[in-house]
Amino acid sequence: MGLKVLSALDTAKTQLYHFKAIVIAGMGLFTDAYDLFSITPVMTLVGRVYYQDKHYEIPAAVKSAMLAVALLGTATGQVVFGILGDRVGRRRVYGLALALMVLSSIGCGFSICTTRSCVLVSLGFFRFLLGLGIGGDYPLSATIMSEFANKKTRGAFIAAVFSMQGFGILASSTVTMIVCSIFDRASNYPPSNHTPMGADIAWRLILLLGALPAAMTYYWRMMMPETARYTALVERNVAQAAKDMEKVLDVSLADITEDSPVSPPPPNFPFFSNEFLRRHGRDLLSCAAAWFLVDVVFYSSNLFQSRIYTQFLPPKLSRNVYRDAFNEAKLQAIVAVCSTIPGYWVSVYFIDRLGRVKIQIMGFLFMGIGYFAIAIPYNRYWDSDHKFGFMVIYCLTFFFSNFGPNTTTFILPAELFPARFRSTCHGISGAAGKIGAIIGAVGFLWASHDRSDNGIGMQASLIILGGASLVGVAVTYLFTRETTGRSLEENEKEDEYAGVWFIRLFLHNNTASASSRLSVGEGEDMSSRSTANSIRSSTPIH
């Protein structure tokens, strides 16, 4: 029989604290997106200030390094803070990740020196630290929200936290446009052979403002109690878990206090063990592989929208860097409003109705179709007369990314694993995603150049993104397990799923044969069929 406090969490009605937790956790994801996606227009300003001798164009190697260092920090932070979240506690390291984001955002804005090399080294250093904080926020926010939520609307709550990324992208674009407009009006723009002094201040101000939303929620994060599931199942203090939940949820302490408190049994196997691989290896593989594939596509196309759209944009205004940065930010804002944010919130609505696996397969599939539709006629059909159709299809790839694997890959690792491994496994899955983001972003930057510049061209690059999306369909269909409508404790029952890895497809394609082979003798036939049916029902075939 389960603990009362955990049963109360699973059946609790949606309350004010649930929305408060969404905002507190979501502000971290908001800041994450702001800081990661503001770098594209910022680099336009940096190029004008520090690369006057190279026609204001930052070399591809420098752009790649600046993008990769933040993503590498994010991958590192996901693993480190994920492990700490399981060993020390979610709440104890939650504030540390946020503080790191705030301080490193300020450091990015105040990047010391005014010489090119010094500024870039300083900016790279603080962006790595920023990545550590951003990475730490991923597993902790997802795990905390999953452990506070009820099982009926858990997916929607976690998706709502993640959807704050969309508003973060929109905020970074809006702030960039406002800052550039103000500086443009105030500068009385100088002749074309001179860079305004204000441009060196403008990009710093854009990065500095990214610290505000995170700083505003720091106090509330520190006031959050530890999750009941961590306290009861990992620290094995059931009485304290009940007291913590009474403080934040509308529930009577008498209703969630055990009549005869008995601590759950201690874990009987470590993370680095064959037993863990046998019981949870497939789930970890499916989460990590799907997140890797979606981030290859998502970050490469999101960070370099202006390169993909280059033939549909007016030529750069070499005389006005503020307008160049403004146009890039405006493009990001349009895509965010038309496709990114709607995709997130459609996921919030449907995630507990359709299920995670169906949405992930559908998202990957339509992303692949969209990229192929753009790529195949890229050099022949998509000219100025057809740019509206191009933009519609391109925006749909973002819509189905967010109403699809970009959201579900954030949710599933927070639901599939036992409490003592949950944050760690989410961090590992997310780190795999950020490795994919590095490969996608850096690779796309180089590959999308024409063959004369040692690239493979935009058409071939987009075809590769479509292919990666279709691989995601296969990975999801073969390995990903549904979690909708089940409590976290039901999802983490290790023994129930032992062996499913090897017999799932066999049961799906040859049910009668599988039932026969699983039986041992006539007397055990009914028992064996019951076991097979149990496995199929707990691991739906999609």
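Being a predicted model, the structure only gives us computed values, none of them experimental.
Without hydrogens or angle criteria, R92 side chain to V88 main chain gives a donor-acceptor distance under 3.5 Å. Checked by atom type and distance alone, the side chain of S469 pairs as donor or acceptor with a backbone atom of L465 at under 3.5 Å. The closest donor-acceptor contact from the side chain of N491 to the backbone of L416 lies at 3.5 Å or more, if one exists at all. Without hydrogens or angle criteria, S286 side chain to D283 main chain gives a donor-acceptor distance under 3.5 Å. The closest donor-acceptor contact from the side chain of S300 to the backbone of V296 lies under 3.5 Å. A donor-acceptor pair is defined here as one N or O able to donate and one able to accept, closer than 3.5 Å; no such pair exists between the side chain of T408 and the backbone of R356. Remark: the backbone N or O of G82 is paired with a side-chain donor or acceptor of S423 at under 3.5 angstrom. S104 places no side-chain N or O within donor-acceptor distance of the main-chain N or O of G107, the cut-off being under 3.5 Å. Listed for the Y230 side chain is a donor-acceptor partner under 3.5 Å among the backbone atoms of G89. Formation of a donor-acceptor pair under 3.5 Å by the T476 side chain with backbone atoms of I361 is not found in this model.
Between the side chains of E226 and T231, not a single donor N or O lies within less than 3.5 Å of an accepting N or O. Between Y94 and S141, the side chains place a donor N or O and an acceptor N or O closer than 3.5 Å (distance only, hydrogens not considered). Using modelled atom types, one finds a donor on one side chain and an acceptor on the other under 3.5 Å when comparing Y344 with N406.
Looking at heavy atoms from C-beta onward, L205 lies in side-chain contact with F183 at the 4.5 angstrom threshold. No side-chain heavy atom of R229 sits less than 4.5 Å from a side-chain heavy atom of S146. Residues L71 and Y299 are in side-chain contact: their nearest non-hydrogen atoms beyond the backbone lie under 4.5 Å apart. You'll find the side chain of L123 reaches within 4.5 Å of the side chain of C108, heavy atoms only. Inter-residue side-chain proximity for M177 and P41 is flagged as unmet; no heavy-atom pair is nearer than 4.5 Å. F81 places none of its side-chain heavy atoms less than 4.5 Å from the side chain of D137. V119 has its side chain within reach of R204: a pair of non-hydrogen atoms, C-beta onward, lies under 4.5 Å apart. Between V179 and I182, every side-chain heavy-atom pair lies at or beyond the 4.5 Å cut-off.
In this structure, S172 OG and I206 CD1 are separated by 9.0 Å, a value rounded to the nearest 0.5 Å. Considering CE of M101 and OH of Y218, their distance stands at 11.5 Å, rounded to 0.5 Å. Here the OG atom belonging to S64 is positioned 11.5 Å from the CD1 atom belonging to I438, to the nearest 0.5 angstrom. With rounding to the nearest 0.5 angstrom, the CZ atom of F326 is 10.0 Å from the CZ atom of R323. Between the OG atom in S429 and the CZ atom in F292 there is a gap of 13.5 Å [rounded to 0.5 Å]. For the atom pair L293 CG and L470 CG, the distance stands at 10.5 Å (nearest 0.5 Å).
Remark: aromatic rings of H18 and F157 are close, center separation under 6.0 Å. Checked against the 6.0 Å centroid criterion, the rings of Y34 and F30 do not qualify as a close aromatic pair.
Ring-plane geometry between F350 and F403 is classed as tilted, the angle between the planes lying from 30 to 60 degrees on a 0 to 90 degree scale. Ring-plane geometry between F410 and W291 is classed as perpendicular, the angle between the planes exceeding 60 degrees on a 0 to 90 degree scale with a lower cut at 30.
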Run the numbers on F272 and F276 for ring-ring contact (aromatic ring centres under 6.0 Å, His included), then give the verdict. CA-CA 7 Å; F272 293 104; F276 174 86; 8.5 Å; no
Audit row: S105, L130, side chain to side chain contact (heavy atoms under 4.5 Å, CB included) steps and yes/no: CA-CA 6 Å; S105 293; L130 176 63; 3.5 Å; yes
Intermediate values then yes/no, side chain to side chain contact (heavy atoms under 4.5 Å, CB included), F125 and V69: CA-CA 8 Å; F125 172 74; V69 72; over 6 Å; no
Tell me, with the steps shown, if I134 and Y138 meet side chain to side chain contact (heavy atoms under 4.5 Å, CB included). CA-CA 7 Å; I134 289 174; Y138 272 74; 3.7 Å; yes
Can you check side chain to side chain donor-acceptor pair (under 3.5 Å) on T44 and E328, steps first, answer last? CA-CA 9 Å; T44 297; E328 289 188 1; 3.0 Å; yes
Quick one: do F417 and T424 satisfy side chain to side chain contact (heavy atoms under 4.5 Å, CB included)? Show the steps, please. CA-CA 9 Å; F417 302 98; T424 300; over 6 Å; no
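A pairwise comparison of heavy atoms in L36 and I39 identifies O-CG2, 3.3 Å as the closest pair. Listed here is the closest heavy atom pair of A160 and V348: N-CG2, 3.7 Å. I359 approaches I351 most closely through the heavy-atom pair CD1-CA, 3.7 Å. Between G85 and L140, the shortest heavy-atom distance links the atoms CA-CD2, 3.9 Å. Contact detail for A290 and Q360: the closest heavy-atom pair is CB-NE2, 3.4 Å. Contact between P139 and G135 at its shortest, heavy atoms only, is CD-O, 2.9 Å.
Under a cutoff of 6.0 Å and an axis angle of 45°, R116 and Y50 do not form a cation-pi pair.
Salt bridge present: D295 and K434 bring a charged side-chain N and a carboxylate O closer than 4.0 Å. Between E147 and R422, at least one side-chain N (NZ, or NE/NH1/NH2) sits under 4.0 Å from a carboxylate O, which counts as a salt bridge. Using a 4.0 Å cut-off between charged side-chain N and carboxylate O, R48 and D200 make no salt bridge.
Applying the salt bridge (charged side-chain N to carboxylate O under 4.0 Å, His left out) test to D86 and every residue at least two apart in sequence or in another chain returns R90.
Atom CE of M223 has more than 12 heavy atoms from other residues, nucleotides or ligands within 6.0 Å.
The SG atoms of C113 and C118 sit under 2.5 Å apart.
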